[in-house]
Amino acid sequence: MEIRMANISDAAIFFEMNELFNGPGYNSLEMIQESVEYNQQEIVAIAYEKDTAVGFACAQIIWSMCYDVKYAEITELFVKEPFRKKGFGRGLINFLEKTFVQQGIYDFQLLTGEDNTGAQRFYEKMGYARDRELMYRKRLKRETVQDT
């Protein structure tokens, strides 16, 4: 098992795995290439078994004037089905945590689906605890924003 930071040469692999993770048409190869190369607010780790990419994890630093600490939010975790329950998810999370601890960040959070009980059990085994916050979302249509 090898886990490392992603680079631009991994973009096509990320595109394929993102299609498995989020479904087709969610992103383009060009957008992923641009994000891997230029997005400085997100770090992306990739896991390999020999020469096969088997999973990835993304995280961002959250830094608000309202709180006395920075924290990291793990925003994505994906491991291909045949490689699940073989330590890759644990390795990816550990890699991200270690990377942030080296930057002096010790607080972590993540979100997962209410019905994703397998992921919930995994995160709890990793030491994450459910809290009582609720997430709300809103997406404005571009034309609505442009008209205002």
Side-chain angles (χ1 to χ4, degrees), residues 1-64 70-131 133-146:
M1 175 186 318
E2 176 195 2
I3 298 176
R4 62 170 173 75
M5 293 295 253
N7 59 54
I8 191 69
S9 67
D10 299 311
I13 294 165
F14 276 116
F15 178 74
E16 292 173 15
M17 286 194 287
N18 193 53
E19 295 265 301
L20 294 171
F21 183 50
N22 286 314
Y26 214 84
N27 210 338
S28 69
L29 176 58
E30 293 77 20
M31 290 177 75
I32 289 174
Q33 288 171 326
E34 183 178 354
S35 184
V36 169
E37 192 165 11
Y38 300 111
N39 185 347
Q40 294 185 10
Q41 99 181 35
E42 179 178 54
I43 66 168
V44 181
I46 188 165
Y48 280 89
E49 176 68 343
K50 299 182 182 170
D51 292 332
T52 302
V54 301
F56 68 91
C58 308
Q60 300 181 30
I61 295 173
I62 308 295
W63 187 12
S64 171
K70 296 177 191 175
Y71 62 92
E73 180 173 16
I74 299 169
T75 57
E76 311 293 341
L77 176 64
F78 174 75
V79 176
K80 291 179 181 177
E81 188 70 40
F83 299 94
R84 293 182 184 164
K85 298 188 179 187
K86 296 184 178 182
F88 291 100
R90 178 177 298 280
L92 285 160
I93 295 288
N94 287 338
F95 182 89
L96 292 176
E97 290 174 349
K98 181 179 177 184
T99 300
F100 284 115
V101 164
Q102 290 171 345
Q103 297 175 43
I105 298 170
Y106 299 91
D107 296 309
F108 296 85
Q109 74 175 28
L110 57 84
L111 301 170
T112 192
E114 185 176 23
D115 296 332
N116 195 348
T117 56
Q120 292 169 25
R121 283 190 302 273
F122 168 74
Y123 294 131
E124 288 169 7
K125 286 180 185 175
M126 293 292 301
Y128 288 78
R130 180 183 290 230
D131 70 16
E133 292 188 36
L134 296 175
M135 173 182 263
Y136 289 84
R137 291 183 182 214
K138 179 179 181 180
R139 177 171 281 167
L140 298 176
K141 294 181 179 176
R142 291 176 193 246
E143 59 272 6
T144 303
V145 175
Q146 293 170 354

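Since we're looking at a predicted model, the values are computed, not measured. Computed from heavy atoms alone, side chains included, the values below leave out hydrogens, waters and symmetry copies.
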Discussion item. Would you say that Val101 contacts Tyr106 through its side chain, given a criterion of any heavy-atom pair below 4.5 Å between the two side chains?
Written reply: yes
Can you see which heavy atom on [X] is nearest to which on [Y], and at what distance?
| X | Y | answer |
| --- | --- | --- |
| Leu92 | Gly55 | CD1-C, 4.0 Å |
| Ala119 | Thr112 | CB-OG1, 3.6 Å |
| Ala53 | Ile13 | CB-CG2, 3.2 Å |
| Glu42 | Cys58 | OE2-CB, 3.3 Å |

Worksheet item: Do side-chain atoms of Glu34 reach the backbone of Asn39 as a donor and acceptor pair under 3.5 angstrom?
Response: no
Response to the item:
Residues at least two apart in sequence or cross-chain that pass salt bridge (Lys or Arg N to Asp or Glu O under 4.0 Å) with Glu19, listed by chain then number, are none
Reported [atom1]-to-[atom2] distance for the pair [X] and [Y], which is rounded to 0.5 angstrom:
| X | Y | atom1 | atom2 | answer |
| --- | --- | --- | --- | --- |
| Glu49 | Phe88 | CD | CZ | 4.0 Å |
| Ile8 | Glu37 | CD1 | CD | 4.5 Å |
| Leu96 | Leu77 | CG | CG | 8.5 Å |
| Glu2 | Asp51 | CD | CG | 9.5 Å |
| Phe100 | Ile105 | CZ | CD1 | 6.0 Å |
| Ile74 | Gln109 | CD1 | CD | 9.5 Å |

Fill in: Set of side chain to side chain donor-acceptor pair (under 3.5 Å) partners for Glu30, sequence neighbours left out
none
Worksheet item: Who pairs with Gln60 by side chain to side chain donor-acceptor pair (under 3.5 Å), at least two apart in sequence or on another chain?
Response: Gln41
Worksheet item: Within a reach of under 6.0 Å around CE of Met5, are more than 12 heavy atoms found that belong to other residues, nucleotides or ligands?
Response: yes
Fill in: Over 12 non-hydrogen atoms of neighbours within 6.0 angstrom of CD in Gln102
yes
Worksheet, complete the sentence: ring-ring contact (aromatic ring centres under 6.0 Å, His included) filter on Phe95, not counting sequence neighbours, yields none
Fill in: Residue pairs fulfilling side chain to side chain donor-acceptor pair (under 3.5 Å) with at least one residue in residues 74-97, sequence neighbours excluded
Glu81-Arg84, Glu97-Tyr128
Discussion item. Does anything in residues 9-18 form a side chain to side chain donor-acceptor pair (under 3.5 Å)? List the pairs, not counting sequence neighbours.
Written reply: Arg4-Asp10, Asn7-Ser9, Asp10-Tyr48, Asn18-Asn22
Worksheet item: So Phe21 and Phe78, would you call those rings parallel, tilted or perpendicular, with 30° and 60° as cut-offs?
Response: tilted
Item to complete: Evaluate the criterion side-chain contact (heavy atoms from CB on, under 4.5 Å) for residue pair Ile93 and Phe108; output intermediate values, then yes/no.
Response: CA-CA 10 Å; Ile93 295 288; Phe108 296 85; over 6 Å; no
